There are 2 protein chains.
Amino acid sequence: MNSIFKALADPTRRKVLELLRERPMTAGELADRFPVSRPTMSAHFAVLKEADLIDSLKIGTTITYQLKLTVLEDALLGFARLFSPTAEEPATPRTDPTPPQEGTTK
Amino acid sequence: MNSIFKALADPTRRKVLELLRERPMTAGELADRFPVSRPTMSAHFAVLKEADLIDSLKIGTTITYQLKLTVLEDALLGFARLFSPTAEEPATPRTDPTPPQEGTTK
DNA sequence: ACTAAATTTCGATGTTTAGCTAAATATCGA
DNA sequence: TCGATATTTAGCTAAACATCGAAATTTAGT
């Protein structure tokens, strides 16, 4: 829980999550969109993964990252609900967009 | 916006916000509930204030802090909505709990 | 086996942050 | 004005963090 907020505290990482909202992307693809080095991006990915906000799937030499939407939402809404228990309901009983898949890169 | 997430990244600060959810409290009152020194708590208050998440009102020697609920909610839900535009609506058109008050301590 | 490509790990550096104690500031009540 | 109380500022240390370039790792293709 703390790790999620820590992960969200950095603008680069938030942007990464936003990019992954649309579709999964490879590490290189993501890195190309930021003005920092690849090792730096790699570290950001590690933080996001540590927080369980993304999944990684290795295919050949490339690693594809995918947003774990439900984890992010549960954390955000769970926290928000702490402050206004009446307000935000679970709302969309979403059909889990995470397909059976455990590609957690070894 | 970044300052808000930075502020939320620390567990002590999140707890402070939770305490203020119920009612405004003085700096000393809050400090008594944490196992850290008053100066340290003061620094946390400064971060929360910098992020515009709390208001301070000085009466005599004591400073009362109050949660700015709408700021917190707007940030949280605004960000959450980035990821599932369909899901969470503004919901409760809340009657602003912040009374006309500009006690921003000097 | 060799080479190229994608990504991470390693080691170093500068910045930020949380924490402390001690001192300063402000306000109240006597 | 004095003394007590509430809070912050100042000055510090230690740990955490973001960043880099260079090297290591892994895999694909020839």
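Lettering follows sequence order; numbering is per chain, from 1. Since the model is a prediction, treat every value here as computed from it, not as a measurement. Atoms considered below: every heavy atom in the structure, side chains included; atoms not considered: hydrogens, waters and symmetry mates.
- Close to dT19(D), at under 4.0 Å from its OP1 or OP2, lies a side-chain N or O of H44(A).
- Residue T62(B) is in sugar-phosphate contact alone, with no base atom involved, counting any heavy-atom pair closer than 4.0 Å across all strands shown.
- Residue order along DNA chain C, read from the 5' end via each residue's closest nucleotide, puts T61(A) first among T61(A) and A43(A).
- Across all strands shown, T12(A) has no heavy atoms under 4.0 Å from either base or sugar-phosphate atoms.
- One interatomic measurement links the two molecules: CG of L57(B) to P of dT7(D), which rounds to 12 Å at whole-angstrom precision.
- Comparing Y65(B) and T40(A) along DNA chain D, the residue whose closest nucleotide (by nearest heavy atom) sits nearer the 5' end is Y65(B).
- Between dT16(C) and K6(B), no contact under 4.0 Å exists linking OP1 or OP2 to a side-chain N or O.
- Checking the phosphate oxygens (OP1, OP2) of dA18(D), a side-chain nitrogen or oxygen of R13(A) falls inside 4.0 Å.
- Here the P atom of nucleotide dT7(D) and the CE atom of M25(B) are 11 Å apart, to the nearest Å.
- If you measure from atom CD1 of I59(B) to atom P of dT7(D), you get 12 Å, rounded to the nearest angstrom.
- The side chain of K58(A) sits closest to dT27(D) out of dT7(D), dT19(D), dT27(D).
- For E50(B), the CD atom sits in a loose shell: 12 or fewer heavy atoms of surrounding residues, nucleotides or ligands are nearer than 6.0 Å.
- Note: CZ (F5(B)) to P (dT17(C)) measures 16 Å, nearest angstrom.
- One can place CG of L30(A) at 9 Å from P of dT7(C), the figure rounded to the nearest angstrom.
- Using a 4.0 Å cut-off between charged nitrogen and carboxylate oxygen, R38(B) and D32(B) count as a salt-bridge pair.
- Here dA23(C) presents its P atom at 19 Å from CZ of R38(B), a figure rounded to the nearest Å.
- In this structure, CD of E50(B) is placed 14 Å from C1' of dT16(C), rounded to the nearest angstrom.
- Of all nucleotides listed (dG19(C), dT7(C), dT7(D)), dT7(D) comes nearest to the side chain of I63(B).
- With L48(B) as the fixed residue, the side-chain contact (heavy atoms from CB on, under 4.5 Å) test singles out one of D55(B), I54(B), L67(B): I54(B).
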- [ ] For F45(B) and Y65(B), run ring pair (Phe, Tyr, Trp, His ring centres under 6.0 Å): C-alpha distance rounded to whole Å, both residues' side-chain angles, the deciding distance at 0.1 Å, then the answer.
- [x] CA-CA 9 Å; F45(B) 298 151; Y65(B) 288 107; 4.6 Å; yes
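- When rounded to the nearest whole Å, the span between CG of D32(B) and P of dT7(D) equals 9 Å.
- Summarising the geometry, atom CG belonging to L53(A) is positioned 7.5 Å from atom OG belonging to S3(A); distances are rounded to the nearest 0.5 Å.
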